[in-house]
Amino acid sequence: MFLQKAEIANAFYEHLFASMPSARGMFQNDMQQQKEMFATMLVMTVRLLNRQDELAEVAKRLVLVHGRFGVTKDQFLLAGDAVVRALRDVLAEEFTPEVDAAWQQATQELVSRVAVMLPD
């Protein structure tokens, strides 16, 4: 998965913009840099899944960053869904039902922590 992080980042933004076209306007900076930040955050989240205190700190940082752009709870939930769809696309046959369930749980864990701190 880590070797495919650029592909996953590309697929994530494709899904995000397809489900939320208005999100394009939030990304005025270099998209390559944005994709690298997303991939780094995804890898970090995976590494911290069993370290709840550290994952809570990551969630707080995500709230600070995304809150500056007025991201709402619903928008962040759509982004969580875009993560899983991107993984499904890129990992293809490796994305077994067990892997799907694990990623659903992982993204739900982080997204739910962030969403409760964002406005409706």
Shared hydrophobic cluster, F27 / F76 (ILVMFWY, side-chain heavy atoms < 4.5 Å)
yes
Approximate separation, where rounding is to 0.5 Å, of R47 CZ and L55 CG
14.0 Å
How long is the straight-line distance from NE2 of H15 back to CG of L87, given to the nearest 0.5 Å?
9.5 Å
Linked, directly or transitively: I8 and M44 (ILVMFWY side chains, under 4.5 Å)
yes
If we ignore hydrogens and angles and just use 3.5 Å, is the side chain of Q75 paired with the main-chain N or O of T72 as donor and acceptor?
yes
Of all pairs that satisfy salt bridge (Lys or Arg N to Asp or Glu O under 4.0 Å), the ones with a partner from residues 15-44, not counting sequence neighbours
none
Same apolar cluster: V58 and F69, side chain cutoff 4.5 Å
yes
Within the 4.5 Å heavy-atom criterion, are L62 and M41 side-chain neighbours or not?
yes
Result of checking L77, D81, V84 against T107 for side chain to side chain contact (heavy atoms under 4.5 Å, CB included)
V84
What's the separation between atom CG in L48 and atom CG in L110, rounded to the nearest 0.5 Å?
9.5 Å
Closest approach of L16 and A82, non-hydrogen atoms and distance?
N-CB, 3.8 Å
Decide side-chain contact (heavy atoms from CB on, under 4.5 Å) for Q52 and E109; before the verdict, give the C-alpha distance in whole Å, the side-chain angles of both, and the deciding distance to 0.1 Å.
CA-CA 10 Å; Q52 295 301 308; E109 174 72 25; 2.9 Å; yes
Between CG of L91 and CD of Q4, what distance do you get to the nearest 0.5 Å?
5.5 Å
Provide the full list of salt bridge (Lys or Arg N to Asp or Glu O under 4.0 Å) pairs with a residue in residues 59-76, sequence neighbours left out, each pair given once.
E57-K60, K73-D120
So, for V71 and M26, which heavy atoms are closest and what is the spacing to 0.1 Å?
CG2-SD, 4.0 Å
Within one Ile-Leu-Val-Met-Phe-Trp-Tyr cluster: M37 and V63, side-chain cutoff 4.5 Å:
no
Could you check whether Q108 and R113, counting side-chain N and O atoms only, form a donor-acceptor pair closer than 3.5 Å?
no
Take the angle between the ring planes of F38 and F12 and call it parallel below 30°, perpendicular above 60°, tilted in between.
parallel
Charged N to carboxylate O below 4.0 Å: is that the case for R85 and D89?
no
